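Note that the structure is predicted; figures quoted are calculated from it, not measured. We name chains A, B, ... by the order of the sequence lines, and we start the count at 1 in each one. Hydrogens, waters and symmetry mates are skipped; everything else that's a heavy atom, side chains included, is used.
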2 protein chains.
Amino acid sequence: MNVRGGATRAQIVDAADRLFYRQGYEHTSFAAIAEAVRISRGNFYHHFKSKDLILDAVIEARLADARRMLEQWETEHADPGDRVRRFVEILLANRADIQSYGCPVGTLTSELAKLDHAALGEANSLFTLFRAWLRDQFTLLGHAEEADALAMHVLAMTQGVATLANAFKDEDFIRREVRRINDWLDTYTTT
Amino acid sequence: MNVRGGATRAQIVDAADRLFYRQGYEHTSFAAIAEAVRISRGNFYHHFKSKDLILDAVIEARLADARRMLEQWETEHADPGDRVRRFVEILLANRADIQSYGCPVGTLTSELAKLDHAALGEANSLFTLFRAWLRDQFTLLGHAEEADALAMHVLAMTQGVATLANAFKDEDFIRREVRRINDWLDTYTTT
DNA sequence: CAAAGCTTAGGACAGCTGTCCTAGGATCGA
DNA sequence: TCGATCCTAGGACAGCTGTCCTAAGCTTTG
């Protein structure tokens, strides 16, 4: 593969990622991605034989990013409680995008479920990644038995906040709910 | 308007409602709705000049249904706390649909947001309806000052549960979270 | 009964979709 | 330098989309 070849492919995945997030998977056409990368549709087809394959690549890229992010947090925070807090604070860090487009994981999963798309399982593995990671943190905090339930609860709260923040575009609401989640976390993380 | 005319229109709205919920708005074509109602596309166009107008009618129908439901609850439960519990228990009553297709309000809102669709405001008014109703209940319970924040919190939790139930298709998770929400509600509803 | 209006069917239309083909240009290895 | 491989462009294709038209049937009203 050429030097530029890999770069083009990465650009396609990058543009598709952004467009899928902002406009939805189905609503984003081949032509739109090609235009965003400024290549012809013919060239496009050389890199990805079908739209489904772009989706696969996008999900893989998101998975890789997420893994990198979680590993990063593990080096930055020794305390598992702080790691969970860092996870919840994604809502604040990405509040602008969340208000405009919702959660990238939740909205993709829900769209693919409605489309009955083959890649739904892969998209769900994004949720599974976070779920397992959160479970590990709660286990480290000494709540092994209910760790998975707690992980799911954190996921549910963040998803709910993202959905409503998208609907009402209310930044104060996000801050309030993050504070509430953090207060709740204190119950499980106070030394 | 003929007797059968109104019935056909209602059938169209009904079929569109179901299809929009199960497949998403964009993914549902004129032809699919027409086939579900067993009428020709020409006839279809006589009742609705555009796809957007069907969406408007579907949202209006959902709003009317929701209003009826909330009024019903007000006659059935004298205690505002019980009314809020009844709201949360939608998650259990509709658990099969929620696991398959998510929340009808949340998924529609999030799809229309991505499509940048003109009817997004109308779809959001479904959320607003529930928000205002919940706010009223919390006000009646003596929490006027934080009533709106509590209403939003209930909405957020139910949305989060719906999203994850859809992703993981886990009925135990739904039951667990409903119990958790009810426990939380006890804090605000115990006499 | 007759006219008017409502309802229905079926097909036509342009535009967009994902897919695919061909052919020329760039880059690499020997 | 020369052949092989990769990359790119542009267009063709069938199929589906929402929209619209026309003409025939039906129901209601006078």
Side-chain angles (χ1 to χ4, degrees), chain A residues 1-20 22-59 108 111-112 114-120 122-123, chain B residues 1-20 22-59 108 111-112 114-120 122-123:
Chain A
M1 182 178 287
N2 264 355
V3 177
R4 298 207 56 240
T8 302
R9 199 192 135 96
Q11 278 180 6
I12 292 176
V13 173
D14 198 56
D17 191 342
R18 190 165 44 248
L19 286 171
F20 289 171
R22 301 191 173 190
Q23 312 184 350
Y25 169 69
E26 187 172 35
H27 191 59
T28 301
S29 68
F30 256 63
I33 307 174
E35 195 189 3
V37 189
R38 294 180 181 278
I39 62 174
S40 67
R41 276 165 303 149
N43 187 8
F44 200 116
Y45 193 75
H46 174 258
H47 291 280
F48 291 97
K49 295 288 179 204
S50 79
K51 201 181 170 185
D52 291 1
L53 291 174
I54 310 174
L55 179 58
D56 290 346
V58 166
I59 295 177
L108 180 65
E111 180 182 3
L112 295 184
K114 290 212 195 278
L115 301 184
D116 202 19
H117 194 283
L120 174 58
E122 286 188 68
Chain B
M1 182 179 285
N2 265 355
V3 177
R4 298 206 54 240
T8 302
R9 200 192 134 96
Q11 278 180 7
I12 292 176
V13 173
D14 198 57
D17 191 342
R18 190 165 45 249
L19 287 170
F20 288 171
R22 300 192 174 190
Q23 313 184 349
Y25 169 70
E26 187 172 35
H27 192 57
T28 300
S29 68
F30 257 62
I33 307 174
E35 195 188 3
V37 189
R38 296 180 178 278
I39 61 175
S40 67
R41 275 166 302 150
N43 187 8
F44 199 116
Y45 192 73
H46 173 258
H47 291 281
F48 291 97
K49 295 290 178 203
S50 81
K51 201 181 171 185
D52 291 1
L53 292 175
I54 310 175
L55 179 58
D56 289 346
V58 166
I59 295 176
L108 179 66
E111 179 182 2
L112 295 184
K114 289 212 196 278
L115 301 185
D116 202 18
H117 194 284
L120 174 59
E122 286 190 68

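- What separates CZ of A/Phe30 from C1' of D/dA12 is a distance of 16 Å, to the nearest Å.
- Taking side-chain N and O atoms only, B/Ser29 has a distance below 4.0 Å to OP1 or OP2 of D/dT17.
- Remark: C1' of D/dC20 and CZ of B/Phe44 are 14 Å apart, rounded to the nearest angstrom.
- Proximity of A/Ser40 to the phosphate of D/dG11: no side-chain N or O atom is located under 4.0 Å from OP1 or OP2.
- Taking both residues in full, the closest heavy atoms of B/Gln11 and B/Val37 are given as OE1-CG1, 3.5 Å, listed atom of the first, atom of the second, then distance.
- Separating the CZ atom of B/Arg38 from the C1' atom of C/dA9 is a distance of 16 Å, rounded to the nearest angstrom.
- Taking 4.0 angstrom as the limit, A/Tyr45 places none of its side-chain polar atoms (N or O) nearer than this to OP1 or OP2 of C/dT19.
- In this structure, of D/dC7, C/dA9, C/dT17, it is C/dA9 that holds the atom nearest to the side chain of B/Ile39.
- Remark: P of C/dG18 and CD1 of A/Ile12 are 14 Å apart, rounded to the nearest angstrom.
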Next item on the list: Mind running side-chain contact (heavy atoms from CB on, under 4.5 Å) on B/Ile39 and B/Ile12 for me, showing each step along the way?
Entry: CA-CA 9 Å; B/Ile39 61 175; B/Ile12 292 176; 3.8 Å; yes

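- If you measure from atom CG of A/Leu55 to atom P of C/dG18, you get 13 Å, rounded to the nearest angstrom.
- The NZ-P distance, from B/Lys49 to C/dC6, rounds to 12 Å in whole Å.
- Side-chain atoms of B/Glu111 come within 3.5 Å of backbone atoms of B/Tyr25 as a donor-acceptor pair (strictly under, hydrogens ignored).
- Remark: of the listed residues B/Glu26, B/Lys114, B/His117, B/Glu26 is the sole one forming a side chain to side chain donor-acceptor pair (under 3.5 Å) with A/His27.
- Of the two residues near DNA chain C, A/Glu26 and A/Gly42, the one whose nearest nucleotide lies more 5' is A/Glu26.
- Comparing D/dT8, D/dT19, D/dG11 by their nearest atom to the side chain of A/His47 picks out D/dT8.
- Note: CG (A/Asn43) to C1' (D/dG10) measures 11 Å, nearest angstrom.
- Residue-environment remark: CD (A/Gln23) exceeds the threshold of 12 foreign heavy atoms within 6.0 Å.
- Here D/dT8 presents its P atom at 16 Å from CZ of A/Arg41, a figure rounded to the nearest Å.
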